[in-house]
There are 2 protein chains.
Amino acid sequence: MLPLRIEDSVFEGVKDERVTRNQLLDAASAAMIEARTPDVSLHVIARRAGLTAPLVKYYFGGKDGLLLALALRDAGQALRELEDLMAQDLPPDEALRLHVAGIVRSCARHPYLNGLLNLLLREEHSRPAAVIREKFIAPMVEAQRRLLEQGRACGSFRDVDPGMFYFVVTGACQHLFSTRVALNHPLNGAPADEKLACDYAAAAIDLIFKGLLKGEST
Amino acid sequence: MLPLRIEDSVFEGVKDERVTRNQLLDAASAAMIEARTPDVSLHVIARRAGLTAPLVKYYFGGKDGLLLALALRDAGQALRELEDLMAQDLPPDEALRLHVAGIVRSCARHPYLNGLLNLLLREEHSRPAAVIREKFIAPMVEAQRRLLEQGRACGSFRDVDPGMFYFVVTGACQHLFSTRVALNHPLNGAPADEKLACDYAAAAIDLIFKGLLKGEST
């Protein structure tokens, strides 16, 4: 029985480690929402998780590692949804609408995310910056480029620059929430509610897809 | 001659004070561009202006005062341009295009501005937050609301929610520059060049006004 018991305890250990890592990421997320900035101390995050700062260092190799893990977890969700969409072979118009709604949902859930990404990207030669560019920004731009190209090929979309499209759309999607966590009248520091996220997604999609002008699209 | 000499020296004093204040604001702006964040110390700003931190406190009453003065100077420019546009009685379509191009120019010149505004808005009951809301955000939303209403009345614009429009448009306008100062390949921390700002303004205006869909606007 000994080998089996050892194996059990190894699995237990792996499971515990994942649970603790997730606890710490949840604590970091909650601390950033409360502080209305991604700039919170390891000490605050650890205390919130009922752990100590050295343990954070043990699990993530330091604050940068924790911030990167959180950014990848939160931003990765939007990216995985996009990859699922691409695999479903939907009409490009529908896929892109669902994608934009997904970005808005992601920003509503994690209003600190845009600030967190900018914080990690600030030191452009750092490992976190390279990881964010490689694991998040490049695949997102590439997937959007493919959807835009498909839509243009089937005659649904006008010809727009994919790089510019990425910045216009992600900027539009995140701004309400990263600012609202600061403006914050009805929200009291909590993530935006589902209804606001839906309304904003609908408004952003309507404006970006149909444009402001009446009867000028050609 | 004595009263006149006193008056002269009073004017000199006022002029010197304005010059020093502007030197400090320029130094803060340059330090934020170099650090790629609005989060820079009074000490760094003062040293850059060849002055001392206590002198910054003398002129602006502390760091918050300096940050607020810089935000109002930089953001105020876009607002004054919008007020000039409103006074010119242009067709709403043209006025709104010029306004969006002005926001993009403003964000290109001051890539730290969005982060600076969020920093000041974070403490929602603080004086800086109240000043930014009252002197910048509220008049900007109101002016856009009037242009959207005029455009709708004359049949140029579709019916869009002015609050949502504000967040979509300002988010889209600032995102390239607040992120680019972080992504920062060709720019090396310098504000984006005129050409990039023009290209991005054109792309954002094209997408927001005409929309992505081909021949669907009604």
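Chain A is the first sequence line, chain B the second, and so forth, proteins listed ahead of strands; every chain is numbered from 1.
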Worksheet item: Distance-only, no hydrogens or angles: does the A:Arg122 side chain make a donor-acceptor pair with backbone N or O of B:Thr37 under 3.5 Å?
Response: no

Discussion item. To the nearest 0.5 Å, what is the distance between CG on B:Leu207 and CZ on A:Arg158?
Written reply: 7.0 Å

Worksheet item: CZ/B:Phe209 to CG/A:Leu213 distance, rounded to the nearest 0.5 angstrom?
Response: 6.5 Å

Fill in: Engaged part of B:Asn114 at the chain A interface, taking heavy atoms whose separation is under 4.5 Å
side chain

Worksheet item: Measuring heavy-atom distances to chain A, does B:Leu96 have an atom under 4.5 Å in its side chain, in its backbone, in both, or in neither?
Response: side chain

Discussion item. Taking side chain as everything from C-beta outward and backbone as N, CA, C, O, which of these in B:Ala204 sits under 4.5 Å from a heavy atom of chain A? Side chain, backbone, both or neither.
Written reply: both

Item to complete: Apply side chain to side chain contact (heavy atoms under 4.5 Å, CB included) to the pair B:Leu212 and A:Lys210, showing each step before the final yes or no.
Response: CA-CA 6 Å; B:Leu212 177 63; A:Lys210 293 194 182 170; over 6 Å; no

Item to complete: Pick whichever of B:Asp159, B:Asp161, B:Val160, B:Asp206 has the most heavy-atom pairs under 4.5 Å with chain A.
Response: B:Asp206

Discussion item. Does B:Lys135 have more than 12 heavy atoms from other residues, nucleotides or ligands lying within 6.0 Å of its NZ?
Written reply: no

Worksheet item: Mind checking what makes side chain to side chain donor-acceptor pair (under 3.5 Å) contact with A:Arg146, not counting sequence neighbours?
Response: none

Practice prompt. Taking only Lys NZ, Arg NE, NH1 and NH2, and the carboxylate oxygens of Asp or Glu, determine whether A:Glu123 and B:Arg36 approach each other closer than 4.0 Å.
Written response: no

Fill in: Portion of B:Leu148 that has a non-hydrogen atom of chain A nearer than 4.5 angstrom
side chain

Fill in: Check: A:His175 and B:Val168 side chains under 4.5 Å, non-hydrogen atoms
no

Worksheet entry | Contacting region of A:Asp39 [heavy-atom separation from chain B under 4.5 Å] | side chain

